[in-house]
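These notes concern the structure reproduced below.
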Amino acid sequence: MLSHDEFLFQTVQTDMIEKNGKERSCIVNIFRSSQNPIITPEDVKPSRGDFEIIGVFNAGVTRFEGDVILLLRVAERPINDNPEVALAAVYDAAEKKTLIKEFSKRDSEIDFSDPRLIQTVGGTYLTSISHLRLARSKDGIHFKIENIPAISPAAEYETFGIEDPRISLISGVYYIHYVAVSPLGVTTCLISTRDFDSFHRHGVIFCPENKDVALFPEKINDKFYALHRPVSPFFGKQEIWLAESPDLMTWGNHRHLFGPRTGKWDEAKVGAGAVPFRTERGWLEIYHGMDRNNRYCLGAVLLDINKPWNVLARSIEPAFKPETDYECRGFFGNVVFSCGLLCENDTLRIYYGAADTSICYAELTLEETLKSLNP
Ligand code: MAN
């Protein structure tokens, strides 16, 4: 943990009633880095001269050769000097190049109300295209960012970009699982690497609509496990499921874990965030929840260590909610969203996307986080 002078404190108190009816209250101290945001769009070089970076956020996190590695989601868009039109960059898998599509802002049949989307009668486009970029750091706060993408869209199911990577280290191999977006839908894909230099593509592991996948970092009862979030267009909400696999490629035995809770911070949808990690009390997962006002917060859920399909306890209040200016204002405000953390010396070192614009850093103690959970 860094010195307390380098952090901005904030305390969240949670009052709860235990299963036995007893009242209890607990405190979670949140230490946001005073250097926040630690990475901003200005720190990143666009992948081509006619593009601008609009966001660097939702990074996968791991340690490699002593360094903290971030695999950044970099969102960029074509520079546009014409206020009459909107542009969308689309990767053409057949041509193996990125093309730019133009939409008239005067077209009343096109919905531009969500800053992330261009919704036409013929289909939906994204206002930015994302790729994944490596950044390395010795101290976990100051990062050296590579000038070129590490992983870019390269397939038909990635034509609108690749987003929100998570990194899971399993038996010496780093597995990167990320969201691929295209007119075919939203899928989750797998890439492996041993050195963050050469990357091996394994293709789609969860088909549309499915995102927010988080691979457990070790086998349980000789099987791989993953949290995932399928979406039903007709029934149900966006809820977290668990799947198991013998080989990381074929997934089955799907079990529903938990969903949104009416009237709470995660009332509209939930999705896995960081890769779960082992604690003495069970697997701890930091997940995101959205409320009716599109506010994204982070909370925790504890899963049984040998039977991860058993949910043991969950945050009543968000462990972490958007409050600072850089979390409340940006490309898509009121968002804290994490794809990765390091649990070191009983401290959760959380890297999170703020307002879909920048990367920030905060610490929570493991002890306080576990105490704040209620069955
Ligand atoms: C979705 C994803 C995330 C994003 C949030 C908030 O869940 O696209 O990448 O951070 O929305 O916009």
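Order of listing sets the numbers, starting from 1, for every ligand and every atom in it. Every value quoted in this text rests on a predicted model; they were computed, and no experiment measured them.
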> With a 4.0 Å heavy-atom cut-off (strictly under), which part of V179 contacts ligand 1: side chain, backbone, both or neither?
Replying inline: neither
>> Whether R255 and E244 form a salt bridge (side-chain N of Lys/Arg under 4.0 Å from carboxylate O of Asp/Glu) is what I want to check.
In response: yes
>> Regarding R48 and D50, does a basic nitrogen lie under 4.0 Å from an acidic carboxylate oxygen?
In response: yes
>> For the 3.5 Å polar cut-off, considering only N or O atoms, please tell me whether R73 and ligand 1 meet it.
In response: yes
> Checking side-chain contact (heavy atoms from CB on, under 4.5 Å) against F143, which of L72, V68, L134 comes through?
Replying inline: V68
> Thinking salt bridges, do R73 and E163 make one under a 4.0 Å N-O criterion?
Replying inline: yes
> Can you list the atoms of ligand 1 that are under 4.0 Å from a heavy atom of D164?
Replying inline: 2 (C), 3 (C), 9 (O)
> Does an N or O from H288, backbone or side chain, lie closer than 3.5 Å to an N or O of ligand 1?
Replying inline: no
>> To check your reading of the model: name the closest protein heavy atom to atom 6 (C) of ligand 1, its residue, and the distance in Å.
In response: D356 OD2, 3.4 Å
>> Within ligand 1, which atoms have a heavy atom of K211 less than 4.0 Å away?
In response: 1 (C), 2 (C), 8 (O)
> Looking only at atom types and distance, does a side-chain atom of N293 sit under 3.5 Å from a main-chain N or O of R295, one as donor and one as acceptor?
Replying inline: no
> Any idea which atoms of ligand 1 are less than 4.0 Å away from a heavy-atom of F337?
Replying inline: 3 (C), 7 (O), 10 (O)
> Name the one of T188, T250, N210, T187 that satisfies side-chain contact (heavy atoms from CB on, under 4.5 Å) with I205?
Replying inline: T188
>> Rounded at 0.5 Å granularity, tell me how far CZ in F337 sits from OH in Y352.
In response: 14.5 Å
> Can you tell me the protein heavy atom closest to atom 1 (C) of ligand 1 and the distance?
Replying inline: Y296 OH, 3.8 Å
> Which ligand 1 atoms does R116 reach within 4.0 Å, using its non-hydrogen atoms?
Replying inline: 6 (C), 11 (O), 12 (O)
> Does an N or O anywhere in K269 fall below 3.5 Å from an N or O of ligand 1?
Replying inline: no
